[in-house]
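Just so it is clear, the structure is predicted and the values come from calculations on it, not from any experiment.
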Amino acid sequence: MEEEAAHDVAAHGASGGIQIHPMDQFIVRPLFGGDEIHWYTPTNVTLWMALTVLAIALLLVFGTRGRNVVPSRGQSVAELAYGFVYKMVEDVTGKEGLKYFPYIMTLFMFIVTANMLGLIPAAFTVTSHIAVTAVLALAVFFTVTILGFVKNGTGFLSLFWVASAPLALRPVLAIIELISYFIRPVSHSIRLAGNLMAGHAVMKVFAGFAAAAAIAPFSILAITAIYGLELLVAFIQAYIFTILTCVYLKDALHPHH
């Protein structure tokens, strides 16, 4: 995330002021040189998504293969993550939603792991890119929409018809509900990417100020505090994305409620 502060963050311009470029850390670059990026070009995004998948496999597969009665640290973390997501799915969607637990668990683990890896110095936070979060959000949107029609047929449309409202207001509310439904993938993806991008950009700004000796102590303290906050944000944003997925799944399974 923080790359070579002297070169990337703080440089003295002609005016003698500190030049800070907090958005440079989000630039997608080819791994093997060159300037052009095609759909098949390996990039820093590709690399860190692969590392995310590898980290999840190490934790959930190799970390739990012993299944010890007294769990190791890796097994404890894996079991905590499993129990946390399982309880979330069960509480929000009910027993019927547990069959979709593997998909939701995969979403949570990918997002939280990518968020945490993005906090490593010189790392790339893939979930700060709308291209990544939009794919995740659209996958959720199409999955729950298709599932809603498969499970309920045209009865799924009752999700947009507020039967408890006065009859005259129902058509207006139906339009509002329909618009809010199609806005879901937009808010779902922007919330995750925007929060992570903002936090990393703020840290980069304070890293740039650290180049000035007069304010370096304050900048270091600020970076430490923000880094602690970003650890919390990394988990909370994964939790919000996952629980919203559970809410949308509940709507697909029980549109009348």
Side-chain angles (χ1 to χ4, degrees), residues 1 25-26 44-64 73-93 97-98 100-121 123-144 183-203 225-252:
M1 184 188 58
Q25 61 184 308
F26 305 113
N44 47 356
V45 180
T46 312
L47 172 64
W48 284 96
M49 283 198 290
L51 290 175
T52 299
V53 174
L54 178 61
I56 296 170
L58 289 174
L59 176 63
L60 297 183
V61 178
F62 295 98
T64 60
R73 291 179 182 178
Q75 184 178 333
S76 295
V77 173
E79 289 177 355
L80 283 171
Y82 183 97
F84 176 76
V85 179
Y86 188 94
K87 189 73 164 55
M88 185 196 310
V89 176
E90 185 177 32
D91 288 346
V92 177
T93 67
L98 289 176
Y100 308 103
F101 164 76
Y103 175 58
I104 297 174
M105 178 69 176
T106 302
L107 274 178
F108 176 79
M109 290 304 301
F110 178 83
I111 294 171
V112 76
T113 305
N115 292 354
M116 294 297 181
L117 288 179
L119 292 171
I120 298 174
F124 188 92
T125 312
V126 298
T127 43
S128 67
H129 269 254
I130 193 68
V132 174
T133 59
V135 170
L136 296 175
L138 285 171
V140 171
F141 177 78
F142 286 117
T143 298
V144 299
I183 290 295
R184 281 180 176 182
V186 178
S187 61
H188 209 185
S189 57
I190 291 178
R191 181 185 295 105
L192 174 58
N195 277 282
L196 292 172
M197 179 178 289
H200 285 58
V202 169
M203 276 199 290
I226 295 171
Y227 194 89
L229 180 62
E230 283 300 295
L231 282 170
L232 184 62
V233 169
F235 175 79
I236 289 176
Q237 288 303 316
Y239 170 75
I240 291 174
F241 193 99
T242 308
I243 200 166
L244 284 175
T245 300
C246 293
V247 172
Y248 300 157
L249 177 61
K250 179 185 177 183
D251 288 342

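- Residues P185 and V140 are not in side-chain contact: their nearest non-hydrogen atoms beyond the backbone lie 4.5 Å or more apart.
- Every residue was checked against the side-chain hydrogen bond (donor to acceptor under 3.5 Å, both in side chains) condition with N44, not counting sequence neighbours, and none meets it.
- None of M197, Q25, M116, H200 except one satisfies the side-chain contact (heavy atoms from CB on, under 4.5 Å) rule with T125; the exception is H200.
- Between F235 and F84, the ring planes lie tilted relative to each other; the angle falls in the 30° to 60° range.
- Distance CD1/I236 to CD1/I243: 12.0 Å, rounded to 0.5 Å.
- Two residues are said to be in side-chain contact when any heavy atoms from C-beta on lie closer than 4.5 Å; S189 and I130 meet this criterion.
- Summarising the geometry, atom CG belonging to L244 is positioned 9.5 Å from atom OH belonging to Y239; distances are rounded to the nearest 0.5 Å.
- Summarising the geometry of G97 relative to L249, their closest heavy-atom pair is O-CD2, 4.2 Å, with the distance given to 0.1 Å.
- Applying the side-chain hydrogen bond (donor to acceptor under 3.5 Å, both in side chains) rule to pairs touching residues 100-113 yields nothing, sequence neighbours excluded.
- The two residues T133 and A193 have their closest heavy-atom pair at OG1-CB, 3.6 Å.
- By the side-chain hydrogen bond (donor to acceptor under 3.5 Å, both in side chains) test, T46 is found to be paired with T43, residues two or more places apart in sequence or in another chain being considered.
- Panel note: side chain H129, backbone F26; a donor-acceptor pair is recorded below 3.5 Å.
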task: Quick one: do M109 and L59 satisfy side-chain contact (heavy atoms from CB on, under 4.5 Å)? Show the steps, please.
output: CA-CA 10 Å; M109 290 304 301; L59 176 63; 3.8 Å; yes
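- Atom-to-atom distance recorded for L54:CG and F62:CZ is 8.5 Å, nearest 0.5 angstrom.
- Atom OG1 of T127 and atom CG of L117 lie 9.5 Å apart (nearest 0.5 Å).
- Taking CG of L60 as the reference point, atom CD of Q75 lies at 11.5 Å (rounded to 0.5 Å).
- Proximity of a side-chain donor or acceptor of H188 to a complementary backbone N or O of R184 within less than 3.5 Å is not detected.
- In this structure, CE on M203 lies 4.5 Å from CD on E230, to the nearest 0.5 angstrom.
- You'll find the side chain of Y86 stays beyond 4.5 Å of the side chain of M105, heavy atoms only.
- Here the closest non-hydrogen pair linking G199 and I226 is O-CG2, 4.3 Å.
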task: Begin from the C-alpha positions of Q237 and I111 and carry the test side-chain contact (heavy atoms from CB on, under 4.5 Å) through to its verdict.
output: CA-CA 8 Å; Q237 288 303 316; I111 294 171; 5.8 Å; no
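- Closest non-hydrogen pair, P102 versus L98, comes out as CD-O, 4.2 Å.
- Looking at heavy atoms from C-beta onward, F241 lies in side-chain contact with T245 at the 4.5 angstrom threshold.
- Residues L192 and N115 have side chains in contact (heavy-atom distance under 4.5 Å, counting atoms from C-beta outward).
- A 4.5 Å side-chain heavy-atom check between F110 and L136 finds at least one atom pair inside the cut-off.
- Taking the side chain as every heavy atom from C-beta outward, L231 and L119 approach each other to under 4.5 Å.
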